[in-house]
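Before any comments, here is the structure.
Predicted, not measured: the structure shown is a model, and the values here were computed from it. Along the sequence shown, the residues carry numbers beginning at 1.
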Amino acid sequence: MRFVRVPVIAVALALAGCSSDGGAGAVSASVTSVTPAPTVTPVALTSPVAVTSPVTEAPVTEAPVTTLEAATTTDDLTADRPFKVFVPTSYDEATAVPLVVLLHGYSASGDGQEAYFQLQPLAEERGFLYVHPDGLKDPTGNQFWNATDACCQFASARVDDSAYLMSVIDHVEATYNVDPRRIFVLGHSNGGFMSYRMACDHADKIAAIASLAGATFADPAACRPSEPVSVLQIHGTADKTISYTGASIAGHAYPAAANTVATWAAYDGCTATAPIDAGGHLDLEGGIDGAETSVATFAGCPTGVDVELWTMGGAPHIPSINAAFAPDVIDFLLAHPKPG
């Protein structure tokens, strides 16, 4: 395997809020090789980031604040946002390979999210490029993504994370042979919300997303995807932070898990308005006996496009995911390239 380290990304910042019309941020970066390690282990970022738990279990109730630690004016449009690209040992520049982007939850980090999901061994085993970047820090010191109106930009200045993440994808595409039909985004909590934002804003690039304990916009009109995107929503029924049945954060509503997938089924042109039980259950939560996760899917979607809801019965916001979780999620993503 190889790591490359990208020291600087120029990120666009927008003061207009969570609009979906932000342009892609420019990338200014150099790539240097890191000596291959004998085992699959993390390599430190240029600016070290502490590994934290994926997200706190307490409900997110932070009041809006007025300043950001990072740039907040149109006179300062860049911030140092390093990220790492994991390159599997099987990579051959002559062969196009998938790209997977993992997004952390509010108050967590890319490294912390990797420690929780453990996608890196799968990237090595299955041969995909892998990135788990970091959000900016808000005034409380918590890293976040400016995803939907509900989660999780609590400062008045609006960071265009949609453009930043698209610039990360563009940079990886410019550096490696990425299959343009197999670009995937997944995340937990705030990262799940951001996965939906990326699908809204960049449906022409993103083939499929997966969200654990996230949600899309409450207002369907706030998202206008240009083409279908396959969606996997995973959510625990005992989640006290992002409710399975929907709620609000700082006065901004987010939809229930079932409404999230129904909204995306409509975006994607599926004929069914409600999901049907796909039959069988999955065992993804190590702390709950038996196969706790039911699978529901929408009928009548375009060829090659699926919208699914995996309901983790009795699971909290941070499930005790077992060894089957990450492979099952990656299986869903890799099975849903852009039709073509």
Side-chain angles (χ1 to χ4, degrees), residues 11-12 14 16-27 96 98-103 131 133 145-151 153 158-174 178-187 191-211 214-233 254-255 259-273 275 297-309 332-340:
V11 55
C18 294
S19 63
S20 60
D21 55 358
V27 176
L99 169 62
V100 174
V101 180
L102 174 64
L103 304 178
V131 178
W145 302 108
N146 182 20
T148 75
D149 51 357
C151 184
Q153 163 65 286
R158 298 295 176 178
V159 179
D160 193 348
D161 280 322
S162 175
Y164 165 66
L165 290 172
M166 197 64 242
S167 73
V168 170
I169 291 170
D170 287 343
H171 179 79
V172 177
E173 283 193 292
V178 175
D179 185 343
R181 297 178 56 239
R182 294 186 291 169
I183 299 174
F184 309 107
V185 181
L186 71 156
F193 282 84
M194 193 67 215
S195 298
Y196 282 110
R197 176 69 184 273
M198 292 298 289
C200 288
D201 292 358
H202 307 289
D204 60 322
K205 296 285 290 186
I206 308 301
I209 66 168
S211 163
T216 193
F217 288 92
D219 179 6
C223 173
R224 299 181 182 276
S226 60
E227 58 187 76
V229 177
S230 290
V231 166
L232 170 60
Q233 172 68 19
Y254 59 85
N259 291 346
T260 284
V261 290
T263 296
W264 272 91
Y267 291 152
D268 286 346
C270 305
T271 57
T273 57
T297 188
F298 284 81
C301 297
T303 301
V305 175
D306 285 299
V307 178
E308 295 189 4
L309 173 60
F332 176 90
L333 294 175
L334 295 180
H336 291 90
K338 281 286 186 190

Do [X] and [Y] come close enough that some side-chain heavy atom pair is under 4.5 Å?
X	Y	result
K338	I183	no
V100	V131	no
V172	V178	yes
K205	R181	no
V101	L186	no
V305	T303	no
T216	P255	yes
D160	N146	no

How far apart are the closest heavy atoms of [X] and [Y], and which atoms are they?
X	Y	result
D204	S226	N-OG, 3.7 Å
D161	W145	OD2-CA, 3.3 Å
F184	L334	CE1-CD2, 3.7 Å
G187	L102	CA-CD1, 4.4 Å
S211	G192	OG-CA, 3.5 Å
V229	I206	CG2-O, 3.6 Å

Item checked: Short side-chain to backbone donor-acceptor contact, T260 and A215, under 3.5 Å ->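 Between the backbone of A215 and the side chain of T260 there is no qualifying donor-acceptor contact (under 3.5 Å).
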
Next item on the list: Tell me, with the steps shown, if F217 and F193 meet side chain to side chain contact (heavy atoms under 4.5 Å, CB included).
Entry: CA-CA 8 Å; F217 288 92; F193 282 84; over 6 Å; no

Atom pair [atom1] ([X]) and [atom2] ([Y]), whose distance is rounded to the nearest 0.5 Å:
X	Y	atom1	atom2	value
L165	M194	CG	CE	5.0 Å
S230	I209	OG	CD1	9.5 Å
E308	Q233	CD	CD	12.0 Å
F298	C270	CZ	SG	7.5 Å
H202	D170	NE2	CG	8.5 Å
Y164	I169	OH	CD1	11.0 Å

Check: Going by the angle between their ring planes, with limits at 30° and 60°, are W264 and Y196 parallel, tilted or perpendicular?
Finding: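 Rings of W264 and Y196: tilted, 30 to 60°.
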
Item checked: Check against side chain to side chain contact (heavy atoms under 4.5 Å, CB included), C223 and Y267 -> CA-CA 9 Å; C223 173; Y267 291 152; 3.3 Å; yes

Note to self: Before you tell me yes or no, could you show the steps for C200 and R224 under side chain to side chain contact (heavy atoms under 4.5 Å, CB included), namely the whole-Å CA-CA distance, both residues' side-chain angles and the distance that decides it to 0.1 Å?
What the structure shows: CA-CA 6 Å; C200 288; R224 299 181 182 276; over 6 Å; no

